[in-house]
Amino acid sequence: MRVAGPSGRRWSTVPAWRTALAGHRVLWAHVSAPLAVLESREAERFPEKFRGLSRGHYGICDPEDFDLVLDSSELEPQERAERVAAALTASPRTG
């Protein structure tokens, strides 16, 4: 995840998580959708509050930091699960 610090400089929490989980079997999966889709879902789920959460969190993760990138606007939940399972089977990894 990349966020801007007080100086505006971007930094990532992914290296810290990679260090913390070193030695464990890990598949780094990035699940996202276009902002318009996320905001529409947000409006349906929270019609009177929590607006802006999608926009506030959108784009803070760099997909290049992940092993698998999934677009939830294009794939159904079952398809996403199948891709995760296939990736785990194809590439058992640690760290």
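Small disclaimer: the values here were computed from a predicted structure and weren't measured. Residue numbers start at 1 and run along the sequence shown.
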Val37: what forms a side chain to side chain contact (heavy atoms under 4.5 Å, CB included) with it, not counting sequence neighbours?
Ala33, Pro34, Arg41, Ser73
Closest non-hydrogen contact found for Tyr58 with Leu38 is CD1-CD1, 3.6 Å
Provide the closest heavy-atom pair for Glu74 versus Glu79 in the form atom of the first, atom of the second, distance.
O-OE1, 4.2 Å
Could you check whether any side-chain heavy atom of Leu70 comes within less than 4.5 Å of a side-chain heavy atom of Val84, counting everything from C-beta outward?
yes
Heavy-atom count check: over 12 atoms from other residues, nucleotides or ligands less than 6.0 Å from Arg80 CZ?
yes
Side-chain donor or acceptor of Ser40 paired with backbone N/O of Ala36 under 3.5 Å:
no
Looking at every heavy atom in both Asp65 and Trp28, which two are closest together, and how far apart are they?
O-CB, 4.2 Å
Quick check: closest heavy atoms across His30 and Pro63, and the distance to 0.1 Å?
CE1-CG, 3.9 Å
For residues Leu88 and Val31: do they belong to one hydrophobic cluster (side chain heavy atoms under 4.5 Å, members Ile, Leu, Val, Met, Phe, Trp, Tyr)?
yes
Minimum heavy-atom distance between Glu42 and Leu53, given as atom pair plus value
OE2-N, 2.9 Å
Do you know which two heavy atoms are closest between Leu68 and Ala87, and how far apart they sit?
CD2-CB, 4.2 Å
